[in-house]
Visitor: 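Let me give you the structure first, and then I'll get to my questions.
Scope of the values below: all heavy atoms of this structure, side chains included, with no hydrogens, waters or symmetry mates. Residue numbers run from 1 in the order of the sequence given.
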Amino acid sequence: MTDKEQLIDRYLCRIADNLDISATMREKAEKSYRAVGEWLGDCDINSDVKIMPQGSFNLGTVIRPVTDADEYDIDLVCLLKNAWHRSEDGIKEIVGNRLREHQTYSSMLEPEGKRCWTLCYDEFHMDILPCVPKQMYYVEPDLTEIRLTHKCDDGTYVPKYSNPYKYHEWFEERMRVRLNEVRKVYAAKNQVEIDKVPLYKVKTPLQRAIQLLKRHRDIMYAALPEERKDNAPISIVITTLSARAYSNETNVYEALCNIVENMPKFIEKSGNSFIIENPVLADENFAEKWSEKPEKAQEFFKWLESAKEAILAAPLNAQGIHRVSESFERSFGRNIVRRSIVEDGNAIKNARNNKSLYIDGLTGGLKTSATQTTKKVGGHTFFGE
């Protein structure tokens, strides 16, 4: 990597860190979903209810809202383990009725969604997905496919299938090399066992790359007309294609270069239909709606070209740190970028003053903590215009 690429990588890491959910907000969200889980745990005495998080909150790729008017999304699975024989509308009804029985939750409950019940909190909303085992049993780690319920526009219900447990496993495996490294560092620092470190507690280049790509999408579409906003790339598409394209790069900059270049290779086309296969459930196509609305496919490729230019090319071609900052501000937002660059400068300055500045032997980048691949920097390191 060139000096300029190393600088950009450091800034991207800082920005991704500032995009992440705060420890306070995560604690509040976890407390809320545990409380909901306890209440729903008694929704049906015969169902043996299991509550588990899914989506970005569970994968460590959640990002802050663009504005205070927006909210965090928290996705929960409400699995009725012994209710596999129930109808789709019956599955949905059990969970909805239980939420209406709670004095607080009933006032927070939105009208029934296509697949979820939604509770609106002050700073986030919680989507609760009622489901049952696809087969007769749900047993981790082998029998984990679930049947959920989809309400059609005409009011009828049809079964849909998913496997969030296996998707989480697949996502971890796509970044196994880097994940093991960061978990080992975290475990040593916090004196815990490596296998006890949850995914959201650490950050690999893949997780950070996904956070940055999702933020660029949010900023890009915030300024566009409503009809284009409705067709913006969805998070599961960005996450799946990013994970497929990722090759365990050691830093965020190189991970992003590889991901945005190779994403299209994992989109299949059959006639007029696009296919982005769920890696753990071949019957599920994340691009199913692209065939119904071709504009969604068009918007994905427009967004991808914009990401290539705005996140990678523009900062690399910018002359001077202030120009690099300006280019990032257009992708990620002014305040979060300026705060990140100030933090980075202060960290490097303090590390140099404390003689704790290191250079990574793998990437050539500067670090403020030692690892197995770093060596201490002697003297000053400058980045010119």
Side-chain angles (χ1 to χ4, degrees), residues 1-19 61 63-64 66 205-225 227-247 249 251-267 274 276 287 290 294-341 344 363 365 383 385:
M1 292 177 69
T2 66
D3 286 356
K4 186 70 168 292
E5 290 169 340
Q6 293 167 27
L7 180 68
I8 290 172
D9 178 65
R10 286 214 322 272
Y11 287 169
L12 289 171
C13 288
R14 288 282 177 183
I15 294 167
D17 287 344
N18 279 306
L19 286 174
T61 59
I63 58 172
R64 296 171 183 267
V66 173
L206 174 60
Q207 289 168 295
R208 283 179 165 139
I210 291 170
Q211 288 177 303
L212 292 163
L213 289 170
K214 291 200 299 183
R215 178 65 168 204
H216 172 266
R217 173 204 58 191
D218 292 348
I219 293 289
M220 174 179 169
Y221 284 91
L224 294 177
E227 60 269 19
R228 287 194 64 185
K229 289 181 184 179
D230 292 340
N231 295 319
I234 59 175
S235 293
I236 190 62
V237 165
I238 294 175
T239 300
T240 302
L241 292 177
S242 295
R244 284 197 181 278
Y246 182 60
S247 295
E249 287 83 7
N251 61 76
V252 177
Y253 176 80
E254 290 180 339
L256 277 167
C257 288
N258 181 43
I259 286 169
V260 298
E261 184 63 32
N262 291 303
M263 268 187 172
K265 295 179 181 178
F266 301 97
I267 302 173
F274 290 92
I276 301 174
W290 289 18
E295 309 91 83
K296 290 187 177 293
Q298 294 167 12
E299 286 297 337
F300 174 82
F301 290 107
K302 288 178 182 177
W303 164 78
L304 186 59
E305 287 304 311
S306 175
K308 288 181 184 179
E309 172 60 29
I311 300 177
L312 298 171
L316 192 61
N317 294 328
Q319 297 299 311
I321 290 177
H322 63 293
R323 296 298 183 195
V324 173
S325 176
E326 288 173 358
S327 68
F328 278 144
E329 288 171 24
R330 290 189 286 272
S331 291
F332 307 120
R334 177 179 177 179
N335 291 339
I336 208 161
V337 169
R338 294 193 175 187
R339 181 167 66 249
S340 300
I341 289 179
D344 181 79
T363 67
F383 291 96
E385 291 285 294

Visitor: Out of Leu213, Ile311, Leu241, which residue meets the side chain to side chain contact (heavy atoms under 4.5 Å, CB included) rule with Val260?
Guide: Leu213
Visitor: Taking side chain to side chain contact (heavy atoms under 4.5 Å, CB included) as the test, write out the residues that go with Ser340, two or more places apart.
Guide: Arg14, Ile15, Asn18
Visitor: Tell me, please, which residues at least two apart from Asp17 pass salt bridge (Lys or Arg N to Asp or Glu O under 4.0 Å).
Guide: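 Salt bridge (Lys or Arg N to Asp or Glu O under 4.0 Å) check on Asp17 returns Arg208.
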Visitor: Name all residues meeting the salt bridge (Lys or Arg N to Asp or Glu O under 4.0 Å) criterion together with Glu309; count only those two or more places apart in sequence or in a different chain, and write none if there are none.
Guide: none
Visitor: Return the set of residues passing side chain to side chain donor-acceptor pair (under 3.5 Å) with Glu305 (not counting sequence neighbours), or none when no residue passes.
Guide: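 Here the qualifying residues are Lys308.
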Visitor: For Asp218, which residues count as a side chain to side chain contact (heavy atoms under 4.5 Å, CB included) partner, sequence neighbours excluded?
Guide: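 Asp218 satisfies side chain to side chain contact (heavy atoms under 4.5 Å, CB included) with Ile63, Val66 once adjacent residues are dropped.
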Visitor: Test of understanding: with ring pair (Phe, Tyr, Trp, His ring centres under 6.0 Å), list the residues that count as partners of Tyr11, not counting sequence neighbours.
Guide: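 Tyr11 satisfies ring pair (Phe, Tyr, Trp, His ring centres under 6.0 Å) with no residue once adjacent residues are dropped.
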Visitor: Name all residues meeting the side chain to side chain donor-acceptor pair (under 3.5 Å) criterion together with Glu249; count only those two or more places apart in sequence or in a different chain, and write none if there are none.
Guide: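 With sequence neighbours excluded, Glu249 shows a side chain to side chain donor-acceptor pair (under 3.5 Å) to Asn258, given in chain and number order.
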Visitor: Taking side chain to side chain contact (heavy atoms under 4.5 Å, CB included) as the test, write out the residues that go with Leu316, two or more places apart.
Guide: Lys4, Glu5, Ile8, Tyr253
Visitor: Residues two or more places apart in sequence or in another chain: which of them pass salt bridge (Lys or Arg N to Asp or Glu O under 4.0 Å) with Arg339?
Guide: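 Partners of Arg339 under the salt bridge (Lys or Arg N to Asp or Glu O under 4.0 Å) test: none.
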Visitor: Please list, chain by chain and in numerical order, all residues satisfying side chain to side chain donor-acceptor pair (under 3.5 Å) with Ser235, sequence neighbours excluded.
Guide: Arg217
Visitor: List in chain and number order the residues that pass side chain to side chain donor-acceptor pair (under 3.5 Å) with Lys229, two or more places apart in sequence or in another chain; answer none if no residue qualifies.
Guide: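 Result, side chain to side chain donor-acceptor pair (under 3.5 Å) vs Lys229: none returned.
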Visitor: With sequence neighbours left out, what residues match Arg323 under salt bridge (Lys or Arg N to Asp or Glu O under 4.0 Å)?
Guide: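 Expected list: Glu326.
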Visitor: When you measure from the side chain of Asp9 to the backbone of Val252, do you find a donor-acceptor pair of N or O atoms at a distance under 3.5 Å?
Guide: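 Indeed, once roles are kept as given, a pair shorter than 3.5 Å links the two residues.
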